[in-house]
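So the structure is just underneath, and the comments pick up after that.
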Amino acid sequence: MLEAERISGGYGGGDILHDVSIRIGNGEAVALLGPNGAGKSTLMAALTATLPRRRGVLRLADHDISAAPSHRLVASGLALVPEGRQIFAPFSVRDNLRLGAMALAGRSSLAERFDHVYTLFPRLAQRADQRAGAMSGGEQQMLAIGRALMSRPNMLLLDEPFLGLAPKIIEEILAALAVLRRDGLTLLLVEQKLPIALSATTRAYVMLKGAIVLEAACEALARRSDIHDLYFSLAAQPT
């Protein structure tokens with residue numbers, strides 16, 4: 001589905017990413033783990049063509065998208081749920097969702113996407129006419145995910161979707177992601193909290209200081225009694 005080969009780049013004069021290579025197969029749910037400052041969000045920017053300076057090769061469904069602009073990637077089936085949600089606070093929930101479906105043609109397609117999102121997140125249906133900025137942080141996160149789903153993606157990138165959320169909201173979003181996985185949607189989840197990431201995905205990359213330092217099956221990582229020690233010892237390694 002998505003393959004990044006030797007991706008390097010960053011902002012300004014210095015590189016944040018250093019020859020990063022990852023591969024996510026069709027229908028897979030993969031975690032990208034690492035502490036603050038590891039380069040996870042920068043990699044997401046590189047994958048969605050919003051990183052100002054990037055080198056390397058990107059392929060989506062075996063097509064070279066290295067030079068494709070971000071709007072072309074959305075049209076190709078790639079959607080990002082950004083860190084910090086980035087919803088349009090003055091707009092209604094319905095209008096925020098409609099903005100996510102700008103590439104869709106036809107009223108029937110739009111109606112189907114609204115139904116899909118509202119079934120996945122019933123709270124959004126209940127608050128369809130409410131101003132998005134007046135909702136709780138957890139509801140805003142549901143809205144950010146729903147907005148991305150309105151573009152009918154084949155692959156969903158989620159950048160720290162559980163940050164600062166209450167346990168009950170985390171459970172609701174995890175349940176929604178499980179439904180999406182059963183429906184065959186490909187997921188790449190950026191997360192710092194190991195228990196959440198390992199429960200929601202099947203394979204993981206660990207990123208530190210702009211490089212991939214470990215790749216493993218989540219089941220194998222979860223069985224390791226030293227997983228937390230391993231995680232933080234990797235973080236302490238010098239460059």
Side-chain angles (χ1 to χ4, degrees), residues 1-25 28-60 64-74 76-87 141 144-145 147-148 151 153-165 177 186-194 196-198 200-201 203-216 218 221 231-239:
M1 170 61 74
L2 181 68
E3 184 177 5
E5 184 177 333
R6 299 180 67 85
I7 300 297
S8 296
Y11 307 89
D15 283 351
I16 296 173
L17 303 176
H18 307 285
D19 288 336
V20 174
S21 296
I22 65 171
R23 186 182 185 282
I24 299 99
E28 263 198 303
V30 176
L32 180 62
L33 309 173
N36 282 330
K40 304 184 302 298
S41 292
T42 303
L43 179 58
M44 297 294 259
L47 297 179
T48 54
T50 57
L51 188 67
R53 189 169 45 77
R54 184 195 70 195
R55 301 181 301 280
V57 178
L58 287 177
R59 297 184 184 89
L60 181 65
D64 191 328
I65 58 168
S66 303
S70 57
H71 68 274
R72 285 276 306 278
L73 298 186
V74 173
S76 298
L78 195 66
L80 172 68
V81 180
E83 182 180 10
R85 301 155 196 156
Q86 298 182 25
I87 63 166
Q141 187 62 67
I145 296 171
R147 181 182 59 190
S151 67
N154 300 315
M155 181 172 183
L156 190 64
L157 313 179
L158 301 109
D159 195 352
E160 300 279 11
F162 302 107
L163 188 63
L165 300 187
L177 295 182
T186 304
L187 302 177
L188 177 60
L189 170 66
V190 169
E191 184 54 53
Q192 292 186 48
K193 299 174 183 176
L194 290 175
I196 292 175
L198 298 182
T201 58
R203 189 164 56 88
Y205 292 97
V206 177
M207 189 174 206
L208 297 168
K209 301 174 184 176
I212 300 296
V213 297
L214 181 68
E215 177 189 356
C218 290
L221 286 175
Y231 191 67
F232 291 109
S233 67
L234 286 169
Q237 288 180 1
T239 53

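- Taking 4.5 Å as the limit, every side-chain heavy atom of Ile22 sits out of range of all side-chain heavy atoms of Glu215.
- Across all their heavy atoms, Gly10 and Asp15 have their closest contact at N-OD1, 4.3 Å.
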Test side chain to side chain contact (heavy atoms under 4.5 Å, CB included) applied to Leu187 and Thr201, step by step | CA-CA 8 Å; Leu187 302 177; Thr201 58; 5.9 Å; no

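- With rounding to the nearest 0.5 angstrom, the CE atom of Met1 is 5.0 Å from the CG atom of Asn154.
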Show me, pair by pair, the donor-acceptor contacts under 3.5 angstrom made by side chains of residues 32-39, not counting sequence neighbours?
| residue | atom | partner | partner atom | Å |
| --- | --- | --- | --- | --- |
| Asn36 | OD1 | Gln192 | NE2 | 2.7 |

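- Counting all heavy atoms, side chain and backbone alike, Leu73 lies closest to Ala68 at CD2-CB, 3.8 Å.
- The side-chain hydrogen bond (donor to acceptor under 3.5 Å, both in side chains) test applied to Arg54 returns no partner, not counting sequence neighbours.
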Go through the steps for Leu51 and Ile16 under the test side chain to side chain contact (heavy atoms under 4.5 Å, CB included), then give the verdict.
-> CA-CA 11 Å; Leu51 188 67; Ile16 296 173; over 6 Å; no

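- Scanning both residues, Val20 and Gly210, for their nearest heavy atoms gives CG2-O, 3.4 Å.
- Between Ala148 and Ala79, the shortest heavy-atom distance links the atoms O-CB, 3.7 Å.
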When you look at Leu47 and Leu188, which way does the side chain to side chain contact (heavy atoms under 4.5 Å, CB included) test go after all the steps?
-> CA-CA 11 Å; Leu47 297 179; Leu188 177 60; 3.7 Å; yes

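- Separating the CG atom in Leu214 from the CE atom in Met207 is a distance of 13.5 Å, to the nearest 0.5 Å.
- Between Glu191 and Pro161 the shortest side-chain heavy-atom distance falls below 4.5 Å.
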What's the verdict on side chain to side chain contact (heavy atoms under 4.5 Å, CB included) for Glu5 and Arg59, showing C-alpha distance, side-chain angles and the deciding distance?
-> CA-CA 8 Å; Glu5 184 177 333; Arg59 297 184 184 89; 3.0 Å; yes

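- Counting all heavy atoms, side chain and backbone alike, Ala46 lies closest to Leu17 at CB-CD1, 3.9 Å.
- Within the 4.5 Å cutoff, no side-chain heavy atoms of Thr50 are placed close to those of Met44.
- In this structure, CG in Leu58 is found 4.0 Å from CD1 in Ile7, a value given to the nearest 0.5 Å.
- No donor-acceptor pair closer than 3.5 Å links the side chain of Arg6 to the backbone N or O of Val57.
- Here the OG1 atom belonging to Thr186 is positioned 9.0 Å from the CG atom belonging to Leu2, to the nearest 0.5 angstrom.
- Between the side chains of Asp159 and Ser41, a donor-acceptor pair is found at a separation under 3.5 Å.
- With hydrogens and angles ignored, the 3.5 Å screen pairs no side-chain donor or acceptor of Arg72 with any backbone N or O of Ile65.
- The structure places CD of Glu83 at 5.5 Å from CD of Glu160, a figure rounded to the nearest 0.5 Å.
- Salt bridge absent: Glu28 and Arg23 never bring a charged side-chain N and a carboxylate O closer than 4.0 Å.
- Note: Leu165 CG to Ile196 CD1 = 8.5 Å, rounded to the nearest 0.5 Å.
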